[in-house]
Amino acid sequence: MMFLEIDDPCEVLPISCRLLQLFGLGRGGSFKWFFWIQCAFYVPFNIVTRFMADIDTTVALFRNGSEILFVALMFSQIIALYVRRTSIYETIDMLQSIAAKHYSDDVFAFFIRRNVAMNKFSVRYCKFFLVLGWIFVMLPPITTGAMYVLERFNQTTQPDGFIISSEMNFYNLDIRHNLVHYSIYNFVIGLLTFTSALSLCTKDVVDFGNIRTAALMFEILAMQIRELPRHISQQNLKTIIKSHQTVLQCFRKLQQSLSLALLIQLAFFSAVWCFILVYILLMGLSAEVLNLCIFLIIITIETYSYCSLCTELTTKGNEILLALQELPWYEQPVKIQKQILLMIRRSQVPTVLKAGKLVAVNIALFSSMIQKTYSLYLVMKDIF
């Protein structure tokens, strides 16, 4: 696919910029209408229809509740992506300016190797969402067809109705028993899946790419510090100080661009998990729960990736402190010693990304959330 081909190994986050452009959030405003068309299509067919659904049983409550929570998460992230777009582009520009600096051959080769690997990961992630979206759309019709063929072959009673991918009242169409209505429903669901997959893929590739690239820049700075000669000149140290300031500015901009997205992700995670797990408990493993399992997989991968990458960023930030402490600062002139000391003091402040500037996001938080979510699931299990 031409869209996913990468020509320049030095370019920072090329797939992210292309996805933002495709989603209608490019740097210019010429394609922005496409974003608002998606939103206008998303609300009446993916949100309103779920609130119109009849909830007359406990099973329907948890199925519909799971889907409403997940759809609300997606729509919140779509709007947040629009709000964050300026900060995102500023972060990408800062990362590109850092990458464009002159480095030693070893550091430059390391950057190219890691940047190419990250770009390939972005391509694989896009393909993963294409496959997942295709499974979500095609699984219910295929399962329905297989059930009807088996029932005809065995000459038993026909199934109660068609299997649908999402529980909703599709504007009073008989999507359970009328083949024409069912076909219309599946066509709309296909368009909604494309919109949802594009929004999730864009958000994840952009955010994950920004965090990983920022971590790479911290790692490169640590390598530059370790490359300093034993007797450090003022010019060499001035270059390092300037790079350190630029990387820290980039981190602050990254915090600004991710704060809202992290807060939304963590706020919905536990609720979606609990509702889907209780629904699976009530229904058992059947064709009706497969599509909800896709929701569970997506939100788990996203939340774990955010927490894991934020931990990686903190670790790479600590490498700068270790590299500075390894310098033979005691052999340097007093003026240089003072400058190194100031850098050490600033590096002692951990580079921690926070959700809503309140909660530090790391892998320990993910483990804690899983434990608390499971405890809440056990309580809901006993109640229902």
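We're numbering straight along the sequence, starting at 1.
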Fill in: Lys316: partners by salt bridge (Lys or Arg N to Asp or Glu O under 4.0 Å), with sequence neighbours left out
Glu219, Glu319

Fill in: Among Phe295, Phe70, Phe194, Phe129, the one residue meeting ring-ring contact (aromatic ring centres under 6.0 Å, His included) with Phe136
Phe295

Worksheet item: For the residue pair Asn115 and Leu216, what are the closest heavy atoms and their distance?
Response: N-CD2, 4.4 Å

Worksheet item: Does Glu331 pair with Arg230 as a salt bridge, N-O distance under 4.0 Å?
Response: yes

Discussion item. Using 30° and 60° as the class boundaries, would you call the ring planes of Tyr82 and Phe35 parallel, tilted or perpendicular?
Written reply: parallel

Discussion item. Under the criterion side chain to side chain contact (heavy atoms under 4.5 Å, CB included), I'd like the reasoning laid out for Leu19 against Ser16: C-alpha separation, chi angles, the key distance, then a yes or no.
Written reply: CA-CA 5 Å; Leu19 285 172; Ser16 299; 5.9 Å; no

Fill in: Geometric class of the Phe75/Tyr42 ring pair [parallel <30°, tilted 30-60°, perpendicular >60°]
parallel

Item to complete: Identify which one of Arg84, Gln77, Arg212 satisfies the side chain to side chain donor-acceptor pair (under 3.5 Å) criterion when paired with Asp207.
Response: Arg84

Worksheet item: Once you round to the nearest 0.5 Å, how far does CD of Gln265 lie from CG of Leu258?
Response: 11.5 Å

Fill in: Check: Gln339/Gln234 side-chain N/O donor and acceptor closer than 3.5 Å
yes

Item to complete: Indicate whether the side chain of Asn236 and that of Ser233 have a donor and an acceptor atom separated by less than 3.5 Å.
Response: yes

Worksheet entry | CA sep, side-chain torsions, deciding dist, call: Trp134, Thr193, side chain to side chain donor-acceptor pair (under 3.5 Å) | CA-CA 8 Å; Trp134 184 87; Thr193 301; over 6 Å; no

Worksheet item: Between Tyr125 and Phe121, what is the ring plane arrangement, given parallel below 30°, perpendicular above 60°, and tilted in between?
Response: tilted

Worksheet item: Would you say the side-chain atoms of Ser257 and Ser87 include a donor-acceptor pair closer than 3.5 Å?
Response: no

Discussion item. Atom CG of residue position Asp8 - does it have more than 12 heavy atoms of other residues, nucleotides or ligands inside 6.0 Å?
Written reply: yes

Item to complete: Run the salt-bridge test on Arg27 and Asp93 with the 4.0 Å N-O cut-off and return the result as yes or no.
Response: yes

